Amino acid sequence: MDITLVMGDITMQEVDAVVNAANSSLMGGAGVDGAIHERGGPAILEECRRLRDTRYAEGLPTGQAVATTAGLLPATWVIHTVGPVHSREEDRSELLASCYRESLKVADELGVHVVAFPAISTGLFGWPMDDAARIALGAVSAAETSVREARFVLFGAPAYAVFTDALMKFPRKS
Ligand code: AR6
């Protein structure tokens with residue numbers, strides 16, 4: 001699998017699926033979630049509401065993922081996942097890794113090959129970018145998946161620089 005890094009806005013990505021850093025309500029929010037719902041239009045929220053009424057009455061649990069169509073976005077699907085809020089008291093890195101693994105699993109179920117990820121949990125949920133980058137790259141590169149490209153879409157030069165550095169240091173499978 002190719003791991004690529006781009007600096008930009010995830011809502012502009014022409015990929016099979018974009019991953020949304022959602023919250024368990026699936027009812028939208030700020031950051032990536034706000035941008036996806038704003039650009040993607042009401043069809044996404046409508047599907048999220050249906051998921052809430054059926055499979056996820058208690059909300060989508062942290063670390064899990066579920067797909068909807070992508071409305072007006074250039075992507076075909078949105079894969080919604082819920083990152084953990086960062087904690088200094090408790091190690092929640094396994095839950096953050098799970099977001100990436102479960103999103104790739106959903107991508108495999110959809111039969112798609114190019115998936116764009118934001119840096120999950122590094123905004124409102126407070127995760128330090130360098131630690132989040134290491135966890136994200138570790139989870140994606142270790143995943144057994146048919147996805148051919150995992151594209152990290154970093155929002156601004158500082159995030160892009162941190163991911164570039166982490167990817168350079170990363171031991172890659174040959
Ligand atoms: N494209 C790519 N990355 C972006 C974009 C964008 N358009 N907008 C922000 N980022 P966040 P979280 C970056 O807060 O930390 C929402 O309210 C941002 O700079 O979107 O997982 C949800 O509803 C940061 O590096 O997600 C939840 O309640 C990264 O994306 C909560 O926020 C993630 O920031 C989730 O918090």
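Every value quoted in this text rests on a predicted model; they were computed, and no experiment measured them. Indexing begins at 1, ligand by ligand and atom by atom, following the structure's order.
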Testing the basics here: between Val153 and Gly8, what is the closest heavy-atom pair and its distance to 0.1 Å?
CG1-O, 3.4 Å

Val82 and Pro61 have their tightest heavy-atom pair at CB-O, 4.1 Å

Below 4.0 angstrom, N of the basic side chain to O of the carboxylate: do Arg134 and Asp130 qualify?
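The answer is no: the pair does not qualify as a salt bridge.
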
Can you check which of [options] brings a heavy atom nearest to [atom]?
atom	options	value
atom 2 (C) of ligand 1	Ile10, Val162, Thr122	Ile10
atom 27 (C) of ligand 1	Phe117, Phe125, Phe155	Phe125
atom 17 (O) of ligand 1	Gly31, Ala30, Gly123	Ala30

Is it true that, when you exclude [X] itself, more than 12 heavy atoms of the residues, nucleotides or ligands shown sit nearer than 6.0 Å to its [atom1]?
X	atom1	value
Glu58	CD	no
Glu38	CD	no
Met129	CE	yes

Ala159 and ligand 1 - part of the residue with a heavy-atom distance under 4.0 Å
neither

Would you check the N or O atoms of [X], main chain and side chain alike, for any that come under 3.5 Å of an N or O of ligand 1?
X	value
Ala22	no
Asp33	yes
Ala35	no

Assign the ring pair Trp127 / His86 to parallel, tilted or perpendicular, where the plane angle (0 to 90°) is split at 30° and 60°.
perpendicular

Ligand-side contact atoms (ligand 1) for residue partner [X], heavy atom cut-off under 4.0 Å:
X	answer
Asp9	1 (N), 6 (C), 7 (N)
Met129	25 (O)
Ser121	12 (P), 15 (O), 21 (O)
Gly29	17 (O), 23 (O)
Ala21	21 (O), 22 (C), 26 (O), 35 (C)
Asn23	22 (C), 23 (O), 27 (C), 28 (O)
Ala119	29 (C), 33 (C)

Check the side chains of Glu102 and Thr81 for a donor-acceptor pair under 3.5 angstrom, ignoring hydrogens and angles.
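Not at all, the side chains of Thr81 and Glu102 share no donor-acceptor pair under 3.5 Å.
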
May I ask you to test the Val19-Pro118 pair for a side-chain heavy-atom distance under 4.5 Å?
yes

Please write down residue, atom name and distance for the protein heavy atom closest to atom 14 (O) of ligand 1.
Leu124 N, 2.9 Å

For atom 20 (O) of ligand 1, find the nearest protein heavy atom and state the residue, atom name and distance (0.1 Å precision).
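Answer, as residue, atom name and distance: Val32 N, 2.8 Å.
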
Check if Thr11 has a non-hydrogen atom at a distance under 4.0 Å from any atom of ligand 1.
no

Pick out which of Thr68, Asp33, Thr11 makes a side-chain hydrogen bond (donor to acceptor under 3.5 Å, both in side chains) with Asn20.
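Checked Thr68, Asp33, Thr11 against Asn20; only one passes side-chain hydrogen bond (donor to acceptor under 3.5 Å, both in side chains): Asp33.
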
Could you tell me whether the side chain of Asp9 and the main chain of Phe155 form a donor-acceptor pair under 3.5 Å?
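No, the answer is negative, given that no donor and acceptor are paired below the 3.5 Å cut-off.
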
